[in-house]
Visitor: 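Got a structure here, written out as structure tokens. Questions coming.
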There are 2 protein chains.
Amino acid sequence: MKKVTIKDVAKEAEVSPSTVSRVISDSPNISKSTKEKVRFIMDEMGYYPNAIARSLVKQKTRSIGLVMSRPTDRALANPFFSGVIQGIAAVAQEKNYSLLLTAADNYEDEYQEALKQLKVGRVDGLVLLASRINDDLIKQLLKNNFPFVLIGRSQEFPSIPRVDNDNYKAAFDLIEKLIKSGYKDFSVLAGHKDYVFTGDRLKGVIDALKAHSMNLDPVKIEFTDFTFKSAEQSAYKILSNHKTDALIAFDDLLGMAAVQTAEALGFSVPDQLGIVGFNDHTLVSYLKPSLTTVKIPIVDMGERAISMLIKMLEDSSYTGEEEIISTEIIERESLKFI
Amino acid sequence: MKKVTIKDVAKEAEVSPSTVSRVISDSPNISKSTKEKVRFIMDEMGYYPNAIARSLVKQKTRSIGLVMSRPTDRALANPFFSGVIQGIAAVAQEKNYSLLLTAADNYEDEYQEALKQLKVGRVDGLVLLASRINDDLIKQLLKNNFPFVLIGRSQEFPSIPRVDNDNYKAAFDLIEKLIKSGYKDFSVLAGHKDYVFTGDRLKGVIDALKAHSMNLDPVKIEFTDFTFKSAEQSAYKILSNHKTDALIAFDDLLGMAAVQTAEALGFSVPDQLGIVGFNDHTLVSYLKPSLTTVKIPIVDMGERAISMLIKMLEDSSYTGEEEIISTEIIERESLKFI
DNA sequence: TTATTAAATGCAAACGCTTGCACAAACACT
DNA sequence: AGTGTTTGTGCAAGCGTTTGCATTTAATAA
């Protein structure tokens, strides 16, 4: 089964390759009759234009690299990433772009890998699911003038093309609402310190408390990674040592761990202890008690990020912008507002 | 910032492009001194060989397409897919292959999309996460002699390159063990009918019962899709209408829904009703009660599938094989064996 | 009819690389 | 010194497209 090229089609249709090419792109200055003839032959021969060759001359690949700033295995285990990818994949498909997944064992390699995909011309641009502080990759990208959009926020480079939710405000508003509802003793089960959003949310919490002349006893903050085990331990530390009536977990998974730990310790949720998560992962919302949470439109963020990138790629006068997506508090069973 | 090509490097190093090319591939018949000189220049100029051009002449892209036989959004929502991708991504990275994600809204498009990636030469081969019955894509692939490996089983094409676990045996063994433990009234919360593994597991269950002169009342089987809602409804149907002491769910998510439904109906798990799932999704193992399950090494399956594919691509005498991976029953709290 | 313009097609270069083959230089052997 | 091998490089074709420009053919105008 020899591969059929544009030349084969041309020969068969008794036209030149250029003509076939123009038929493919539906050029207006090819006669209707020729188009029909060529199209017929293409079908008959089972011809598909070679994407690589086309990419070479067009200097565009129509594919986009996806970088997750953490080991892929762990990344994918988190529903957050699945959600983002969902959104990205949907739009990519619709706009006829391919998605190139980049994986690596550690941060450093990951960066290098991603950058390389761009340098070797395999992708036209990058979507960064970066959440870590101190992003060297961004620096590189900027320096090389490579198109990318970040999902999240970079500390060093505040205004770059990105889409994010306002974590500070989300946390701030949440606390205000909690205070209004009469909660007094707050504790937080935070994510990993290295993530930018952890810091942002924490600041939101603290500022909101300050605004009401309260403050968050630092020992009531526990940082943890996203494994269930360590989340349980952290929850245990908080709950067994401190009086608290509202526990804010910076991810639903952490919230879920907190609920279980709390119940194991004999707290009744939400009566004695309210627990609220972040993200609104589908699965977690079905637990008993179902989790009150700050919903972040993850899929939507993915969609917007890639849409922005594609726009940047296709319209050179557009250089991207900052899109902040709003969040929403969803009240379920694990914490009740008045 | 003009892109630097092999010619630029050649000129700068005062050698021919061929020489530079050979330096890149570390050809043995380039002198050490020349290599050093050229490498130095390459570094200095920030040269990266263009992957597209290379692909064009080599007729290889070193990238692999990933096809999930269901809408990407729903696919990604399921931990099973994340797991497989984890495995695939890890190996791909290690072996220096890129991963191309293919998405589409519906099955038909998905197939077309995937096939197209191959036909246009964007990928060298395909990994199919196909679980549905009656796979037209496979037929096409076979006909066109395209390299692929299937994760799962195809009814129409039993012996093709694939990796799978023996769902029939896993279910059969599970039931035997349950019978030995004294369970008598079985019910099953099955996945969607269209999936091959649903049928396989069901057959395993039924055959095992037959082997012990028992049979499964057909009304005690409920098919459901993988949304939590429909799983709950199905579990409700079973539990509120039939006497049962062991409920087998064909996925941990379904098992989790069953546990909740059972408890809501006043059954105590596992004392009055044992519930066992399939897959061993990490998250679900942490629930209370933790889920007894048939562990399927999902990540491992992904790894093997892509390894097989790469081997097929790189060694033309190797045409793939069938790898069956064994499963393991993991006893936790939701169902106790004697 | 001939000149003029518009419409349809072909030519050939280019995209950035690899590789078979030819060839020059350096070395080894009678 | 002459012949035969190595060893290291360069030449040029080719991978399958696209596209600016030239060219042919058809259509219109004079």
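Here is the naming used below: chain letters follow the sequence lines, and residue numbers restart at 1 for every chain. Reckoned from all heavy atoms, side chains included, excluding hydrogens, waters and symmetry mates.
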Visitor: For residues 41-51 of chain A, which residues have at least one heavy atom under 4.0 Å from DNA chain D?
Guide: A:Tyr47, A:Tyr48, A:Pro49, A:Asn50

Visitor: Identify, residue by residue, the members of residues 13-28 of chain A with a heavy atom below 4.0 Å from DNA chain C, and return them in order of residue number, or none.
Guide: A:Glu14, A:Val15, A:Ser16, A:Ser18, A:Thr19, A:Arg22

Visitor: What is the distance, rounded to the nearest whole Å, between atom CD1 of A:Ile30 and atom C1' of C:dA6?
Guide: 15 Å

Visitor: Among residues at least two apart in sequence or on other chains, which ones pass salt bridge (charged side-chain N to carboxylate O under 4.0 Å, His left out) with A:Glu94?
Guide: none

Visitor: Checking A:Arg162 now: which residues fulfil salt bridge (charged side-chain N to carboxylate O under 4.0 Å, His left out) with it, not counting sequence neighbours?
Guide: A:Asp164, A:Glu322

Visitor: Atom NZ of A:Lys7 to atom C1' of D:dA13: distance rounded to whole Å?
Guide: 11 Å

Visitor: Could you list the residues that satisfy side-chain hydrogen bond (donor to acceptor under 3.5 Å, both in side chains) with B:Ser33, not counting sequence neighbours?
Guide: B:Ser31

Visitor: In whole angstrom, give the distance that lies between atom CZ of A:Arg54 and atom C1' of C:dG16.
Guide: 18 Å

Visitor: Check side-chain hydrogen bond (donor to acceptor under 3.5 Å, both in side chains) between B:Asn165 and all other residues, then give those that pass, not counting sequence neighbours.
Guide: B:Asn167

Visitor: 5'-most contact on DNA chain D: B:Thr34 or B:Lys58, nearest heavy atom basis?
Guide: B:Thr34

Visitor: What side chain to side chain donor-acceptor pair (under 3.5 Å) pairs are there with at least one residue in residues 36-45 of chain A, not counting sequence neighbours?
Guide: A:Asp26-A:Arg39

Visitor: Using the side-chain hydrogen bond (donor to acceptor under 3.5 Å, both in side chains) criterion, which residues pair with A:Glu321? Sequence neighbours excluded.
Guide: A:Tyr318

Visitor: Let me know the distance between CD1 of A:Ile6 and P of C:dC11, rounded to the nearest Å.
Guide: 14 Å

Visitor: Provide, to the nearest angstrom, the distance between the NZ atom belonging to A:Lys60 and the P atom belonging to C:dG16.
Guide: 14 Å

Visitor: Heavy-atom nearest nucleotide on DNA chain D for B:Asn29 versus B:Gln59: which residue maps closer to 5'?
Guide: B:Asn29

Visitor: If only side-chain N and O atoms count, and only distance matters, is there a donor-acceptor pair under 3.5 Å linking B:Ser18 with B:Ser21?
Guide: no

Visitor: Could you tell me how far apart A:Lys3 (NZ) and D:dG16 (P) are, to the nearest whole angstrom?
Guide: 8 Å

Visitor: With sequence neighbours excluded, give me every salt bridge (charged side-chain N to carboxylate O under 4.0 Å, His left out) pair touching residues 9-23 of chain B.
Guide: none

Visitor: Determine to 10° how strongly the helix from C:dT1-D:dA30 to C:dT30-D:dA1 is bent, judged from the axes of its five-pair ends.
Guide: 50°

Visitor: Would you say that A:Phe148 contacts A:Val127 through its side chain, given a criterion of any heavy-atom pair below 4.5 Å between the two side chains?
Guide: no

Visitor: Rounded to whole angstroms, how far apart are CG on A:Asp8 and P on D:dC15?
Guide: 11 Å

Visitor: Looking only at side-chain N and O atoms, does A:Ser31 come under 4.0 Å of OP1 or OP2 in C:dT9?
Guide: yes

Visitor: Listing request: all side chain to side chain donor-acceptor pair (under 3.5 Å) pairs with a residue in residues 297-312 of chain B, at least two apart in sequence or in separate chains.
Guide: B:Asp300-B:Arg304, B:Arg304-B:Glu323

Visitor: Residues in side-chain hydrogen bond (donor to acceptor under 3.5 Å, both in side chains) with A:Ser63, at least two apart?
Guide: A:Thr61

